[in-house]
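Reading through the structure tokens given below for one structure.
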Amino acid sequence: MTLYRATFLHTPANPFQFAQALQIEDDGGLLVQNGQIIQSGSFADVRAAFPDEPVEDLRGGLLLPGFIDTHVHFPQVRVIGGLGLPLLEWLDTITLPEEAKFGDDAYAAAVAREFVAGLTSNGTTTALVFGSHFASAVDILFQESSRVGLRAVAGQVVSDRMLRSELHTTPQRAYEEGKALIGRWHGQGRNLYAVTPRFSLSASEGILDACAALMAEFPGVRFTSHINENGREIETVRELFPESRDYLDTYERAGLITRRSVLAHSVHPTDRELGAMAEHRCTAAHCPCSNSALGSGMFPLKRHLAAGVHVSLGTDVGGGTGFSMLKEGLQAHFMQQLMGLEGVPLSPAHLLYLATRAGAEALQLEDQIGDFSAGKNFDAVYFCPPEGSIMKTVLAHATSTERALASVFAGGTQGDVAQVWIGGDSVYRRASS
Ligand code: GUN
Ligand code: ZN
């Protein structure tokens with residue numbers, strides 16, 4: 001057992017619904033046994049209950065629940081930051097040529113190491129991952145997440161039209177390879193499987209039906225795809241699915257929209273789509289850096305919340321700008337500010353919730369991860385800026401812990417992440433700390 005002593009913050013409740021959702025322990029204690037939090041509270045209280053356990057002193061920074069990135073692409077690490085192109089041009093000229101390289105296992109293995117290290121070194125402990133179109137590259141990704149101990153919810157990306165021939169499969173093969181991958185990886189260690197058609201633009205009805213067959217056969221697997229990201233994409237989907245009422249309906253008709261579904265972007269939804277998303281209790285993964293970089297648009301958070309749609313946060317590497325969930329929180333804040341009356345003012349509590357607990361809820365893992373309540377796994381990120389950095393100065397002079405949290409989102413980077421734990425295991429430690 002270890003007693004962690006730290007200033008910790010978490011959001012066991014949803015700040016979009018409850019006023020006092022941000023819980024702060026300025027001198028907190030978390031008693032961890034076998035990776036699980038046994039007691040959570042003030043250091044004095046936990047110490048009194050466990051007077052003899054060894055203490056790990058993490059004072060001087062902030063301890064936060066591990067970040068949960070609900071939209072990130074494994075094969076796009078090396079093309080992060082291709083600024084200036086709209087979605088379909090960016091896919092054709094930058095991204096799909098890169099993804100075609102993942103038929104080479106050695107290439108996939110090298111990027112898998114970069115990808116998982118990119119997540120953990122930024123404090124991300126759970127990720128909903130778009131894998132590769134190549135099944136063997138998905139095996140390689142799961143091997144690496146297992147080696148490191150990341151919680152990966154990932155799947156083979158499937159498409160059968162309009163990309164490039166190397167990335168196309170058939171409904172039968174998508175079903176068979178998906179089934180085999182589920183058998184090998186779903187529920188193995190910390191891994192879970194997510195059925196992942198790329199988007200309706202690159203999916204025939206046949207392949208969506210193959211995805212639905214997997215979802216029906218394996219009730220524990222999750223589902224993810226893209227939706228309503230870009231005007232030209234939406235127009236093309238409309239032409240490809242003349243029978244469908246809208247973009248959501250292309251998935252809905254196949255039976256793919258449920259509580260297990262996470263749909264990335266949702267920048268341009270209709271009111272009908274929002275109502276149906278709320279009814280099916282699926283999640284919209286908001287990716288503000290990507291929406292800015294690809295010029296996709298301003299995420300209508302207010303409309304999602306008004307309709308009752310659950311919203312989480314994702315980096316969308318490599319349409320996004322990197323693995324930092326702090327940066328996503330900041331960009332979400334910026335964009336809502338710029339939307340004026342159409343925007344939702346986001347407090348530090350909202351940002352922390354979106355980066356942590358909201359993702360756990362999206363993945364139906366909120367009984368296991370997402371906050372520091374007793375019974376949860378000890379998935380944590382210790383944010384402690386290096387000596388001499390401006391962030392160190394800012395934290396030292398913060399007038400409250402809540403203001404410090406705002407500053408962490410405003411200016412925090414990978415270099416400020418001192419240590420990261422998943423299920424009590426230390427998975428990352430900054431070299432100099
Ligand atoms: N839509 C289909 N594929 C992609 C992708 O790789 N990134 C983003 N942002 N949108 C997509
Ligand atoms: Zn994406």
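First listed ligand is number 1; within each ligand, the first listed atom is number 1.
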Looking at the Zn ion (ligand 2), is one of the N, O or S atoms of [X] less than 2.8 Å from it?
{"X": "His71", "answer": "yes"}
{"X": "Glu229", "answer": "no"}
{"X": "His265", "answer": "no"}

Report summary line: In this structure, the Zn ion (ligand 2) sits at the vertex of an angle between NE2 of His73 and NE2 of His226 that rounds to 10° as 100°

Query raised in the report: Mind checking whether His265 has a heavy atom under 4.0 Å from ligand 1?
Result: yes

Query raised in the report: Does even one non-hydrogen atom of Trp90 get within less than 4.0 Å of ligand 1?
Result: yes

Query raised in the report: Does ligand 1 have a heavy atom under 4.0 Å from the side chain of Glu233, from its backbone, from both, or from neither?
Result: neither

Report summary line: For Asp316, the N, O or S atom at the shortest distance from the Zn ion (ligand 2) is OD1

So which protein heavy atom does [atom] come closest to, and at what separation?
{"atom": "atom 10 (N) of ligand 1", "value": "Glu229 OE1, 2.7 Å"}
{"atom": "atom 3 (N) of ligand 1", "value": "Arg198 NE, 2.9 Å"}
{"atom": "atom 4 (C) of ligand 1", "value": "His226 CE1, 3.4 Å"}

Query raised in the report: Hey, is CG on Leu338 packed in by over 12 heavy atoms from elsewhere, all under 6.0 Å?
Result: yes

**Report entry** side-chain hydrogen bond (donor to acceptor under 3.5 Å, both in side chains) evaluation trace for Tyr382 with Glu56
**Finding:** CA-CA 12 Å; Tyr382 181 45; Glu56 179 139 353; over 6 Å; no

Query raised in the report: Once you round to the nearest 0.5 Å, how far does CG of Asp371 lie from NE2 of His10?
Result: 6.0 Å

Requested in this report: Anything under 30° is parallel, anything over 60° is perpendicular, the rest tilted; go ahead and classify Phe142 against Trp185.
Outcome: parallel

Requested in this report: Please work out whether the ring planes of Phe372 and Phe8 are parallel, tilted or perpendicular, with thresholds of 30° and 60°.
Outcome: perpendicular

**Report entry** Atom indices of ligand 1 within 4.0 angstrom of Gln76 heavy atoms, with elements
**Finding:** 5 (C), 6 (O)

Report task. Would you mind running through ligand 1 and noting each atom that sits below 4.0 Å from a heavy atom of Leu87? Result -> 8 (C), 10 (N), 11 (C)

Query - Polar proximity ligand 1 side, Asp316 side, N/O cut 3.5 Å exclusive - result: yes

Query - Side-chain donor/acceptor of Ser261 to backbone N/O of Leu256, under 3.5 Å - result: yes

Query raised in the report: Would the His71 and His226 ring centres measure less than 6.0 Å apart?
Result: yes

Query raised in the report: Is the Phe218 to His186 ring centre distance short of 6.0 Å?
Result: no

Query raised in the report: Under 3.5 Å, is there a donor-acceptor pair between the Ser145 and Asn191 side chains?
Result: yes

